[in-house]
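A quick note: this is a predicted structure, and the numbers were derived from the prediction, not measured. All values below were derived from every heavy atom in this structure, side-chain atoms included, with hydrogens, water molecules and symmetry-related copies excluded. One is the number of the first residue; the rest follow in order along the sequence.
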Amino acid sequence: MSDAAPTQPSAAASGGIRRREHPTRIAWGESLLAYDFGPHHPMHPSRLDLTARLCEELGLFALPGVAVVEPHVASDDELAAVHTRDYIAAVRSVSEDPSSPLPERGLGTDDDPVFAGMHEASARIAGGSLEAADAILDGQAQHAVNFAGGMHHAAADHASGFCIYNDAALAIQRLLDGGFARVAYIDVDVHHGDGTQAAFWNDPRVLTISLHESGLTLFPGTGFPDEIGGPDALGSAVNVALPARTGDAGWLRAFHAIVPPLIEAFRPDAIVSQHGCDSHSLDPLADLRTSVDAQREVALAISGLAARFCSDRWLATGGGGYSVLHVVPRVWAHLVGIVTGHPIPLQTEIPAAWQDFAARKYPALVEGQAIPARMGEDADTWWRSWDVGFNPHDPVDRAIMATRKEVFPVHGLDPWFD
């Protein structure tokens, strides 16, 4: 941390953006860095460390109305809201004895290698999202963010895709148990949010929307338009399977063609969102082509949906994202700024103290690379509204229409015009 006082986003720096103060809960503490699969694993804790440091240097953690709270380790009873007792016991077992992996539970695979303290580290991430949900339920916060969370692949009885406990599903269940009648889940990670979808597959109270690269080309190989929910909840699962190499214009067109109409029709009491930033063009594990600027725009759009349709109740999480220096800290600092009601303008210069910190603490990341100098990328984020019509020759439009045809009629919407 630099000795200089952190810079709080000013009205002048906002470029005229009208700000609203949001009582906000941020889940953060250095104990979250214990979620560590090893030095060569993509899910490296430097992602979180660099994000938190950038938020601090930008003054986001010190804003009025913002509470930064180190999460507790979720109890077995709390985890059992979406995970089986046998699975929790299995995670505890490998956590205490990493020499005895349980690959049949997804514990000890290349994606999810076991490590000492795995249970506590994973359950603390879950605790952060549970506390965020509690803060929204009891009125302490309108908005909350856990950028260490978003572990959307974790299933009821096994680990998957770098995810041990599904904090997003746990937060949704906590909101339901706390009295909310309907919760919408919006997942913009490049990978399908399969674990969260499965948790609420047959629950009409939860609308899960996942915007991702098609399972034809990317893990986990699921998330196709015809996956629309169980027999008691048809239309409650929504999947937009985008073709590889979709860029900002197509990604934003797909988001706006699918998400706002469904949120308006569903009218949730709260939105839980997952902001994996691995759809970025620099991400090494996937093949979409979005920018930091576009991902910021989607976070702003979700904030607007929360304000319009669910009394401004919004819980945001992180997720994937493996361009550790250039992408993750900027995207999630933008997310934190938007959650707090203080969006960071794209032309904001990245504080020199953060650049120095990155170079000093993570020299291997920085070696041979230019450290980002601004919070944006000067990307062209123009997108074509669905109102201008469907183009059957455009693969992105075909993906959008496939989803609209499957789920819009269930919600009383016209797939061609709404």
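- What you find for P268 and I263 is that their closest heavy atoms are CD-O, 3.6 Å.
- The minimum heavy-atom distance linking P71 with R124 is given by the pair O-NH1, 2.7 Å.
- Judged by distance alone, the side chains of T208 and Q197 never bring a donor and an acceptor atom under 3.5 Å apart.
- Side chains of D194 and H192: no donor on one and acceptor on the other come within 3.5 Å.
- Checked by atom type, the side-chain pair T381/D293 shows no donor-acceptor distance below 3.5 Å.
- Of the N and O atoms on the side chains of H191 and D278, at least one donor lies less than 3.5 Å from an acceptor on the other residue.
- Between the side chains of Q369 and H326, at least one donor-acceptor pair of N or O atoms lies under 3.5 Å.
- For the pair I209/Y185, no side-chain contact is recorded, criterion being any heavy-atom separation below 4.5 Å from C-beta on.
- Salt-bridge formation is detected for the pair R245/D287: a Lys NZ or Arg NE/NH1/NH2 atom is positioned less than 4.0 Å from an Asp or Glu carboxylate oxygen.
- No side-chain N or O of H411 forms a donor-acceptor pair with one of E264 less than 3.5 Å apart.
- The 12-atom threshold is not exceeded at CG of D110, counting heavy atoms of other residues, nucleotides or ligands nearer than 6.0 Å.
- No more than 12 heavy atoms of other residues, nucleotides or ligands sit less than 6.0 Å from atom CD of E30.
- In the displayed structure, E367 atom CD is contacted under 6.0 Å by at most 12 heavy atoms of other residues, nucleotides or ligands.
- For the residue pair S210/D187, the side-chain donor-acceptor check at 3.5 Å is not satisfied.
- Proximity of a side-chain donor or acceptor of E227 to a complementary backbone N or O of G223 within less than 3.5 Å is detected.
- No donor-acceptor contact under 3.5 angstrom links the side chains of H119 and E96, judged on distance only.
- Among all heavy-atom pairs drawn from S95 and E120, the shortest one is OG-OE1, 3.3 Å.
- The minimum heavy-atom distance linking L170 with A126 is given by the pair CD1-CB, 3.7 Å.
- Applying the 6.0 Å contact sphere to CZ of R267 captures more than 12 heavy atoms from other residues, nucleotides or ligands.
- Note: F61 and F147 have parallel aromatic rings, judged against thresholds of 30 and 60 degrees for the angle between ring planes.
- S46 and D49 share no side-chain donor-acceptor pair at under 3.5 Å.
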Item checked: CA sep, side-chain torsions, deciding dist, call: D134, R174, salt bridge (charged side-chain N to carboxylate O under 4.0 Å, His left out) -> CA-CA 7 Å; D134 286 340; R174 179 64 65 90; 2.7 Å; yes
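- Using a 3.5 Å distance cut-off with no hydrogens or angles, the side chains of H158 and S160 do not pair a donor with an acceptor.
- Both cation-pi conditions hold for R313 and F180: the charged atom is under 6.0 angstrom from the six-membered ring centre and inside a 45 degree cone around its axis.
- Between D77 and R85, at least one side-chain N (NZ, or NE/NH1/NH2) sits under 4.0 Å from a carboxylate O, which counts as a salt bridge.
- Using the six-membered ring where Trp is involved, W383 and H256 have ring planes that are parallel, under 30° apart on the 30 and 60° scheme.
- Side-chain N/O atoms of W314 and S273 include a donor and acceptor closer than 3.5 Å.
- With 3.5 Å as the limit, one finds no donor-acceptor pair spanning the side chains of Q295 and H334.
- Counting only N and O atoms by type, the side chains of S323 and D283 include no donor and acceptor under 3.5 Å apart.
- Taking the six-membered ring where tryptophan is involved, the planes of H41 and F37 are tilted, since the angle between them lies from 30° to 60°.
- Counting only N and O atoms by type, the side chains of H152 and N166 include no donor and acceptor under 3.5 Å apart.
- Considering only heavy atoms from C-beta on, I186 comes within 4.5 Å of V259 through its side chain.
- If you check the side chains of D86 and T84, you find no donor sitting under 3.5 Å from an acceptor.
- Heavy atoms only, all atoms of each residue included: D269 and A181 are closest at OD2-N, 2.6 Å.
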Item checked: Stepwise ring pair (Phe, Tyr, Trp, His ring centres under 6.0 Å) check, F162 with Y322 -> CA-CA 12 Å; F162 313 163; Y322 310 102; 5.6 Å; yes
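- The closest side-chain heavy-atom distance from F266 to V238 is not below 4.5 Å.
- Nearest heavy-atom pair, A333 versus M375, reported as atom, atom and distance to 0.1 Å: CB-CE, 3.9 Å.
- Taking the side chain as every heavy atom from C-beta outward, V328 and L50 never approach each other to under 4.5 Å.
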